Amino acid sequence: MKKIVILISGGGSNLEAIAKACQTGNISASIELVISNQANVKGLERAKKFHLMSKVIEHQNFNSREEFDQALLEHILPIEPDLVVLAGFMRILSNEFTEAFNGKLINIHPSLLPDYPGLNTHKQAMENGDLMHGISVHFVNNELDGGPIIAQGALKIDPIESEAKLINRIHKIEHALYPKVISDIVKGYISLQGNEVKFETESYFGTNHMEFFNV
Ligand code: GRF
């Protein structure tokens, strides 16, 4: 059985979507550990609901990013995970961490990258009057939200909808696409070769995969 580790900081709705997919067999892997850098977040309750092992490692207890990342590595490396999944993990990772999991570390970002790396993506898309918004799943490298893109999901922005409504619709896309990407990676249908994402023919995805969602 392939092994996954998931890092969270908050709500954990993506964690829940992934846990469900593991439970139903849509992802052929087991979640070995959930790590949160924040205590008392809903994501930890969700981990409990799915009987997942979880651990809180609070970044503010460390003097530097490197020391915090070292603590993460100490917990993750012994598991020898096939994949480390960032699911709303709100910390920038050091080069040492990203290099330790090169090709085995993925992130979901709520924008159509390369548009809007960083925070407040929904607000920026709305304020700029964008017609489309979406999400990107990508391999993580040393560049913030800049690693090779695996797949994107898009929706049409309704100019009069609230930001909360837009975030809710974005989440629906995330919950549909992230488990599918994870499933294909653990099956070996998607891999990172140098700086390029390689898709086997069996993959649901392919180069420049952009899916439109009517959510
Ligand atoms: C998601 O929108 C994800 O794209 C971003 O953080 C959010 C996490 O949501 N990186 P949740 O904690 O999975 O509910």
Side-chain angles (χ1 to χ4, degrees), residues 4-23 26-27 31 33-50 52 54-59 72 83-93 97-98 101 105-126 130 132-141 143-155 157 161-183 185 205 209-211 213 215:
I4 300 178
V5 170
I6 302 183
L7 273 53
I8 62 167
S9 298
S13 67
N14 281 285
L15 163 70
E16 174 150 353
I18 298 161
K20 270 190 193 148
C22 290
Q23 211 172 50
N26 284 340
I27 295 176
I31 301 169
L33 181 64
V34 175
I35 299 179
S36 174
N37 68 311
Q38 302 278 4
N40 306 316
V41 290
K42 192 166 175 197
L44 289 166
E45 285 169 31
R46 285 179 148 135
K48 208 168 165 191
K49 189 168 99 182
F50 284 87
L52 301 174
S54 65
K55 173 102 199 142
V56 176
I57 305 177
E58 289 175 289
H59 60 277
L72 290 178
L83 188 63
V84 178
V85 176
L86 307 181
F89 185 65
M90 304 301 284
R91 298 286 305 166
I92 295 172
L93 291 160
F97 189 96
T98 58
F101 297 110
L105 180 60
I106 58 170
N107 182 42
I108 189 158
H109 181 76
S111 81
L112 295 171
L113 289 169
D115 288 350
Y116 313 128
L119 299 174
N120 301 320
T121 58
H122 315 292
K123 202 159 187 255
Q124 291 185 70
M126 290 184 101
D130 292 357
M132 305 285 284
H133 186 39
I135 68 107
S136 306
V137 179
H138 63 94
F139 282 106
V140 176
N141 61 14
E143 205 186 316
L144 178 67
D145 300 323
I149 293 172
I150 301 167
Q152 295 184 304
L155 53 67
I157 293 181
E161 74 187 316
S162 65
E163 191 187 347
K165 171 103 190 287
L166 178 60
I167 291 174
N168 196 272
R169 293 170 63 216
I170 283 288
H171 266 136
K172 287 187 183 155
I173 300 181
E174 294 190 326
H175 303 161
L177 276 192
Y178 214 12
K180 275 197 181 129
V181 170
I182 293 167
S183 171
I185 292 177
F205 301 94
H209 181 101
M210 162 77 80
E211 197 168 334
F213 286 79
V215 285

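Residue numbers run from 1 in the order of the sequence given. Values reported hereafter were calculated over all heavy atoms of this structure, with side chains retained and with hydrogens, waters and symmetry mates removed. Whatever order the structure lists ligands and atoms in, that order sets their numbers, starting from 1. The shown structure was predicted, so the numbers you read here are calculated from the model rather than taken from an experiment.
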Give the intermediate values and the outcome of side chain to side chain donor-acceptor pair (under 3.5 Å) for residues Thr121 and His109.
CA-CA 9 Å; Thr121 58; His109 181 76; 5.3 Å; no

Below 4.0 Å from ligand 1: does a non-hydrogen atom of Gly43 turn up there or not?
no

Tightest non-hydrogen contact, residues Ala87 and Leu15, listed as CB-N, 4.4 Å

shortest atom 3 (C) of ligand 1-to-protein heavy-atom contact is with Glu174 OE2, 3.3 Å

Any heavy-atom pair between the side chains of Lys49 and Glu16 that's under 4.5 Å? yes

Side-chain heavy-atom pair Gln152, Glu211 within 4.5 angstrom cut-off
no

Ranked by distance from atom 14 (O) of ligand 1, the top protein heavy atom is Ser13 OG, 2.5 Å

Check whether more than 12 heavy atoms from other residues, nucleotides or ligands sit under 6.0 Å from atom CE of Met90, and answer yes or no. no

- Message: Using heavy atoms and a 4.0 Å limit, tell me yes or no: is His171 in contact with ligand 1?
- Response: yes

Atom 12 (O) of ligand 1: closest protein heavy atom, distance to 0.1 Å, is Gly12 N, 2.8 Å

His209 and Phe205 aromatic ring geometry - parallel, tilted or perpendicular at 30°/60° bounds: perpendicular

Measure the distances from the heavy atoms of Ile135 to every atom of ligand 1 and state whether one is below 4.0 angstrom. no

Of all heavy-atom pairs linking Ala21 and Pro179, the shortest is CB-CB, 3.9 Å

Ligand 1 to Leu15 polar contact by distance, N or O atoms, under 3.5 Å = no

For Ile108, the atoms of ligand 1 under 4.0 Å from one of its heavy atoms are 3 (C), 4 (O), 5 (C), 10 (N)

Are any of the N/O atoms in Ala87 less than 3.5 Å from those in ligand 1?
-> no

heavy-atom search around atom 6 (O) of ligand 1 in the protein gives Gly88 CA, 3.5 Å

